[in-house]
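Step one of this worksheet: look at the structure below.
Convention: sequence-line order gives letters A, B, ...; per-chain numbering from 1.
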Number of protein chains: 2
Amino acid sequence: MKKDTTHHDHSVESHKACVSLVPIFNHLEDGQLDEIMGTTHSVSYQKHELIYHAGDESNALYIVNKGKVRIYRLSESGKEQLVRILNPGDFTGEMALFSESTHETYAEAMVNTKICMINRLDLQEFLMKYPSISLKILAEFSHRLDASEKQSSRFATEKVDTRIALFLVDYLDKEISGTDELTLPMSKKDLASYLGTTPETISRKFNELEDRGYIKQLTHKQIRIVDLDGLLFV
Amino acid sequence: MKKDTTHHDHSVESHKACVSLVPIFNHLEDGQLDEIMGTTHSVSYQKHELIYHAGDESNALYIVNKGKVRIYRLSESGKEQLVRILNPGDFTGEMALFSESTHETYAEAMVNTKICMINRLDLQEFLMKYPSISLKILAEFSHRLDASEKQSSRFATEKVDTRIALFLVDYLDKEISGTDELTLPMSKKDLASYLGTTPETISRKFNELEDRGYIKQLTHKQIRIVDLDGLLFV
DNA sequence: CGGCATTTTGACCTCGTTCAACAACTGTGG
DNA sequence: CCACAGTTGTTGAACGAGGTCAAAATGCCG
């Protein structure tokens with residue numbers, strides 16, 4: 001399971017990159033960065049491997065160094081919902097770190113993935129020593145809370161086609177888009193799970209949006225936004 | 001707007017209570033509490049008055065001292081969703097404090113309400129000075145994030161009757177329940193908004209749950225849980 | 001008591017799920 | 001490089017959950 005920690009130079013290099021890459025640390029001075037780097041260890045996961053599991057005790061903050069991670073939940077009735085996808089620089093594991101002692105979500109490597117872990121106690125020490133880190137994490141939490149509540153509110157009040165349209169618009173915003181084309185960041189199956197519907201409905205609604213002239217489906221994953229304003233008024 | 005800060009003894013008393021009452025501060029020593037108290041000011045709101053408004057600039061942390069506050073969102077299509085209800089000791093306003101500069105939600109006094117406000121800059125100063133406060137807030141945020149994601153996930157995967165059942169069970173858990181009776185903390189109209197459905201459906205589903213022998217509706221707001229296990233398997 | 005908001009009930013209709021079959025895509029080993 | 005198997009995506013038809021609209025009933029507060 002544990003790999004690459006004392007492997008060769010390249011590993012150490014990317015190890016440093018891992019910490020300095022993250023928004024919550026990248027404002028620190030070099031000396032402080034080194035100090036944090038010293039306590040992290042790096043772990044690699046194979047595609048489809050579980051990084052943690054609901055019910056697991058939480059002992060670390062996980063920072064994605066390379067790869068992609070699916071965070072999902074199982075609802076009371078056993079259905080899976082995709083919560084978010086982590087890309088390099090994103091972190092997780094915090095939930096359990098600060099309040100609950102066990103994870104509520106599942107984290108699964110979508111491709112071969114390298115994670116930097118910071119031990120819970122080490123992190124708490126840093127937070128007490130460098131309070132500015134807390135402020136960064138608080139900012140990140142605020143964003144996530146906002147995103148999650150917005151998502152909740154859309155589930156509560158919008159129909160599926162609107163949720164899809166808003167997803168596309170949001171996602172286009174996030175891309176450094178000089179373009180009107182986008183590549184779906186996940187399979188349509190996952191998108192269905194993320195948007196609280198079924199793959200069948202996703203498929204039909206995409207066709208509907210295309211028929212109405214708002215989008216053009218280039219391939220399964222490539223989409224061109226033809227009429228952004230139209231999309232916003234679905 | 002500003003009231004009660006130098007009013008009379010009773011006001012100062014409750015002012016202190018306000019700060020020392022809150023989980024995020026109540027671990028501090030007396031001297032530190034006094035210091036924070038010194039920077040807070042107290043504001044009163046009438047029933048139905050808005051405390052803040054989506055789009056408002058955020059300048060303060062709001063702690064409920066007395067009363068009840070409805071936090072809600074308007075979705076893209078203009079429908080309202082109830083996000084949470086604040087009781088004495090709960091706080092809000094944080095979203096904008098740490099990341100966005102404007103509020104995404106609306107906060108409305110449900111009854112005559114007294115709020116303690118801590119200025120954004122003062123708070124940041126305290127966070128840098130007493131890092132343990134950040135840890136408390138991080139813990140609180142973790143909880144909220146978890147609650148919000150859980151809610152999201154229920155919207156995405158459960159039908160209305162299950163959401164209602166889970167709401168009742170959760171709420172019964174939260175009460176210091178030696179009893180199997182509960183008083184709904186909000187109107188059914190608000191409950192509908194909170195659970196992402198309509199008052200009509202709420203009404204019908206409550207009847208259904210009663211017909212199936214899981215609950216008994218004593219009055220509009222009083223409910224007895226007759227068969228908890230049944231409710232969990234709805 | 002009278003007025004107003006909340007809650008309930010009924011009838012109807014729409015949206016989205018479900019199930020089943022098929023098509024397209026991806027990766028693996030021969 | 002192709003064949004095959006396992007996913008993932010698409011399409012059709014039927015059903016059902018829940019939204020909508022209208023109207024009546026209940027409860028609340030001045």
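As rounded to whole Å, 9 Å separates atom P of dA17(D) from atom CG of Asp161(B). For the pair Lys159(A) NZ and dA17(D) C1', the computed distance is 13 Å after rounding to whole Å. One atom, CD of Glu200(B), and another, P of dC12(C), lie 17 Å apart when rounded to the nearest Å. Summarising the geometry, the separation between CD on Gln217(B) and P on dT6(C) is reported as 18 Å, rounded to the nearest angstrom. Whole-Å rounding puts the Ile164(A) CD1 to dC15(C) C1' distance at 13 Å. The NZ-P distance, from Lys205(B) to dT7(C), rounds to 18 Å in whole Å. Following rounding to the nearest Å, Lys221(B) (NZ) and dA5(C) (P) show an atom-to-atom distance of 16 Å. Atom CZ in Phe206(B) sits about 9 Å away from atom P in dT8(C), given to the nearest Å.
Ser187(B) comes within 4.0 angstrom of sugar-phosphate atoms only, judged by non-hydrogen atoms across all strands, and of no base.
Phosphate contact (OP1/OP2 of dT26(C), side-chain N/O of His220(A), threshold under 4.0 Å): absent. Taking only side-chain nitrogens and oxygens, Thr201(B) never comes nearer than 4.0 Å to OP1 or OP2 of dA17(D). For the OP1/OP2 pair of dT11(D) and a distance below 4.0 Å, the side-chain nitrogens and oxygens of Asn207(A) include at least one atom meeting the criterion.
Between His53(A) and Tyr106(A), the angle of the ring planes goes over 60°, which puts this pair in the perpendicular group of the 30/60° scheme.
Ser77(B) and Glu158(A) share a side-chain donor-acceptor pair at under 3.5 Å. With hydrogens and angles left out, the side-chain atoms of Gln217(B) and Asn207(B) include a donor and acceptor closer than 3.5 Å. There is no side-chain donor-acceptor pair under 3.5 Å between Glu57(B) and Thr102(B). Side-chain atoms of Tyr72(A) and Ser153(B) include no donor-acceptor pair closer than 3.5 Å.
Two residues, Arg204(B) and Arg163(A), neighbour DNA chain C, and the one matched to the more 5' nucleotide by heavy-atom proximity is Arg204(B). Nearest-nucleotide assignment on DNA chain D puts the 5′-proximal partner with Lys189(A), out of Thr198(B) and Lys189(A).
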